[in-house]
Q: 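This is the structure I have questions about; it appears just below.
Note that ligands are numbered from 1 as they come in the structure, with each ligand's atoms numbered from 1 the same way.
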Amino acid sequence: MTEYLEAATGAARKAGKLLRENFGAALDVSAFEAHDIKLELDVRSQNLITEHLLGLYPDHALYGEEGLAGNQASPYHWIVDPIDGTVNYFYSIPHFCISIALRHGSEIIAGVIHDPMRDEMWRVSKGGAPTLNGKPFQVSQRNRLSEAVISVGFTKNKTTIESGLSLFERVVHRARKCRLMGSAALDMAYVACGRLDAYIEQSVSLWDIAAGKILVEAAGGLVEMNERPDAKDKYSVVASNGKIDLGI
Ligand code: LIP
């Protein structure tokens, strides 16, 4: 396990260096969409991560936001988001990260989330204690919604934005504060270490939340992840400290 965790950490550090070096620079945009931006740097970051991980484990598979690589028949799948919070990155908002998880069969057995601007590294492997820059952490102990800070994600299309809005309306009047931070993986990492009490979003991809799932659960929290019936490989997610009733 430690070996896999070191591999994921090494890959995240390499991609983090690339993202730090290009932060604020002129960027090649491969697509502008209504609520999203696709960067050429997303692909370069994923290529660096792929080279590192499949260099160490040539028989493993990789499933990333920018495509597949390696032996897809392998029981070991690396699940990769090379830049989570791409729109933040494009607008030079220093709130984005790299997210890498390892799944064996159907079980996520390791997760790493790296914020290269704050130089923060959340990581955990199955059966181990989750750490942030080497220090153990756990979810918050708050149990009242009225004291909770909750992050809500709105994703990218009309349907999911509207369903996100109705969720938002249901919590914004009862929570202490709601935040829209723009990175699902960092939202999960913040729930895991108690900076946030919950994170909800209607339609995200596995690469946005896989590492965050094992981190939140290892830190004592709860993650409800449901595949959307109307969108392939998309999930609605509720991650929390497991103590607050969101009433949603
Ligand atoms: C982003 C997620 C965010 C969501 C965005 C987008 P990306 O991921 O982290 O929570 O609201 O629509 O999916 O595209 O930056 O990897």
Q: Return the closest protein heavy atom for atom 11 (O) of ligand 1 as residue, atom name and distance.
A: E201 OE2, 2.6 Å

Q: If you count the atoms of ligand 1 from 1 in the order shown, which ones are under 4.0 Å from a heavy atom of T155?
A: 11 (O), 12 (O)

Q: Taking only heavy atoms of I83 into account, list the atoms of ligand 1 that are under 4.0 Å away from them.
A: 15 (O), 16 (O)

Q: For atom 13 (O) of ligand 1, what is the nearest protein heavy atom, given as residue, atom name and distance?
A: K156 CE, 3.2 Å

Q: Between D208 and ligand 1, find which residue part has any heavy-atom pair under 4.0 Å and reply side chain, backbone, both or neither.
A: side chain

Q: For ligand 1, which atoms sit closer than 4.0 Å to a heavy atom of D81?
A: 16 (O)

Q: If the cut-off is 4.0 Å to any non-hydrogen atom of E65, which atoms of ligand 1 fall inside it?
A: 14 (O), 16 (O)

Q: Check whether the side chains of Y57 and E3 place a donor and an acceptor atom closer than 3.5 Å, and report yes or no.
A: yes

Q: Would you mind checking if D208 and K213 are paired as a salt bridge, meaning a charged N to carboxylate O distance below 4.0 Å?
A: no

Q: Look at atom 7 (P) of ligand 1 and find which of L180, D84, D42 reaches it with the closest heavy atom.
A: D84

Q: Give yes if a backbone or side-chain nitrogen or oxygen of G85 is under 3.5 Å from a nitrogen or oxygen of ligand 1, and no if not.
A: yes

Q: Quick one: are the ring centres of Y63 and H77 less than 6.0 Å apart?
A: no

Q: Would you say ligand 1 has an N or O under 3.5 Å from any N or O of S183?
A: no

Q: How about S151 and D187: does a side-chain donor come under 3.5 Å of a side-chain acceptor?
A: yes

Q: Should V87 be counted as touching ligand 1, given the test is an N or O pair under 3.5 Å?
A: no

Q: Is the shortest side-chain N to carboxylate O distance from E217 to K126 below 4.0 Å?
A: no

Q: Does any donor atom in the side chain of S203 or T160 lie under 3.5 Å from an acceptor atom in the other side chain?
A: no

Q: With a 3.5 Å cut-off and no angle check, do the side chains of Y199 and E201 form a donor-acceptor pair?
A: yes

Q: Taking 4.0 angstrom as the limit and counting only heavy atoms of T86, give me the atoms of ligand 1 inside it, by number and element.
A: 15 (O)

Q: Please give me the minimum heavy-atom distance between L48 and K14, naming the atom from each residue.
A: CD1-O, 3.7 Å

